[in-house]
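So the structure is just underneath, and the comments pick up after that.
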Amino acid sequence: MTSSSATGPRPLPGRDGPPERRAALAVAGVVAVVALSVAGALARPAAADVPAAPASATQASAVAPGHTTSVTVRVEGMAFSPSRIEVPAGDDLRITVQNDGDQRHDLVLANGTGTGLIAPGDRTTVDVGTVTSSLDGWCSLPGHRQMGMTLEVVTTGSTDPAAERPPAPADAPSDVPTMARLQDAARHSPAYPAALPPAPPGTEHDYTFTVTEQVQQVTPRVSRAVWTYNGTSPGPMLRGHVGDTFRVTLVNHGSMGHSVDFHAGELAPDEPMRTIEPGQSLTYTFTADRAGIWMYHCSTAPISQHIANGMFGAVVIDPAGLDPVDEEYVLVQSEQYLGANGAPADPAKVATGIPDIVTFNGRAFQYDAHPLTARVGDRVRIWVLDAGPDASWSFHVVGAQFDTVWTEGRYSVRDGRATDGSASGPTGAQVLPLLAAQGGFVELTVTEPGHYAIVNHQMSLAEKGAHGVLEVTR
Ligand SMILES: [Cu+2]
């Protein structure tokens with residue numbers, strides 16, 4: 001039931017003659033009777049050969065069948081305007097959606113009709129059919145409905161007391177896998193490489209980030225949409241030194257608008273962080289002026305949804321004077337909020353901030369199945385970043401203490417001494433606490449062989465997958 005703007009609205013099987021005549025009646029009906037509250041522009045002007053019906057006559061025909069109400073609704077930001085339209089019960093309804101937003105949207109209605117995707121600047125008309133009772137409409141892109149992209153279609157003049165609003169269809173959520181199933185799935189999946197190689201040579205780094213939308217098997221029975229930079233979530237881990245320049249070409253091979261925001265650079269967000277449409281690309285250049293482990297992520301609205309679906313990664317900029325270590329790893333924590341099988345994150349769950357699954361580097365429990373490794377006596381550095389979108393991370397290694405902790409611009413302890421001199425003797429840390437988007441690193445020396453659990457010490461999150469192992473051998 002969709003017609004595209006390129007060819008104009010498709011004629012309906014007529015009850016009142018040609019579309020022009022029906023449109024003209026619709027004009028009169030909308031203006032005189034329905035009193036559209038926010039004056040959505042009409043789909044087309046009245047045809048010259050059809051006189052406008054007198055208001056009184058139109059009034060009388062308000063509930064008579066056979067009229068078409070035509071309305072234009074604009075997308076403004078993350079809302080439809082108007083967000084409520086009135087239509088006489090029994091009218092045919094045609095809605096033209098003009099997308100004045102900066103990314104793709106659609107309009108679907110509870111009766112199953114919809115516009116299909118509409119690119120920014122385009123418009124599409126949907127024949128909703130005969131409307132006998134009020135019904136809901138919304139944008140079906142992930143999270144957009146929850147951000148307020150809803151349209152209320154309200155019938156007026158109904159004499160049928162049974163005309164009630166039909167319930168909106170709901171996608172069945174997939175079952176949340178148990179810990180045992182997640183652990184089993186991790187054993188049968190390759191691990192995201194946690195080892196962090198040194199920065200590549202040179203001071204200028206060129207990358208292409210291609211955005212794709214895929215489906216990931218969480219377990220054999222549960223799958224989720226995953227939106228990626230270069231096919232993995234997290235995306236590539238970049239590394240360089242203070243003063244290096246990064247030139248990243250973002251290419252959107254997805255089905256909707258995406259973008260990227262590098263915390264490692266400092267520049268006006270307007271141009272490089274803008275959302276680009278499928279098929280488009282942009283080049284994002286930044287200079288890393290400060291050391292740290294910096295998040296990058298898609299910043300297209302709703303950002304929580306784009307991060308929850310996998311669009312994040314890290315840029316490591318080494319602090320000057322970084323000590324040599326034997327093993328160096330990077331872990332990025334993120335949460336998953338399962339929607340229907342194969343579907344993006346459930347926006348209602350994202351809004352609660354209570355995840356179904358919490359991961360290090362994109363898969364629950366993967367480093368239990370494929371541990372990080374070290375030898376007795378090794379010095380180990382673990383870089384950590386909390387990608388969120390929401391949860392915090394109480395980063396702890398069971399059985400170990402951190403004698404060196406660096407986070408958000410400073411060492412708090414280094415080589416077992418408080419850096420501010422406040423502790424006269426040896427000291428250290430048991431946790432590196434991180435809010436969403438915070439990062440840092442710890443260093444430790446492992447002195448005995450064994451299996452040291454790496455956890456989020458907010459234990460309910462560890463039990464949802466934020467758990468791994470550092471396996472130490474002789
Ligand atoms: Cu995105």
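As the structure lists them, so they are numbered: ligands from 1, and atoms in each ligand from 1.
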Next on the checklist: Which label fits H258 and W227: parallel for a plane angle under 30°, tilted from 30 to 60°, or perpendicular past 60°?
Outcome noted: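 It falls in the perpendicular class, over 60°.
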Is a salt bridge present between [X] and [Y], judged by a nitrogen-to-oxygen distance below 4.0 Å?
X    : Y    : answer
D323 : R414 : yes
K349 : D356 : yes
R187 : D184 : yes

Checklist entry - Once rounded to 10°, what is the value of the angle centred on the Cu ion (ligand 1) between C298 SG and H258 ND1? => result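 Vertex the Cu ion (ligand 1), arms to SG of C298 and ND1 of H258: 140°.
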Checklist entry - Which angle, to 10 degrees, forms at the Cu ion (ligand 1) with ND1 of H306 on one side and SD of M311 on the other? => result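 Result: 110°, to 10°.
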Next on the checklist: Suppose we only count N/O/S atoms under 2.8 Å; would T275 qualify as near the Cu ion (ligand 1)?
Outcome noted: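 Coordinating: no.
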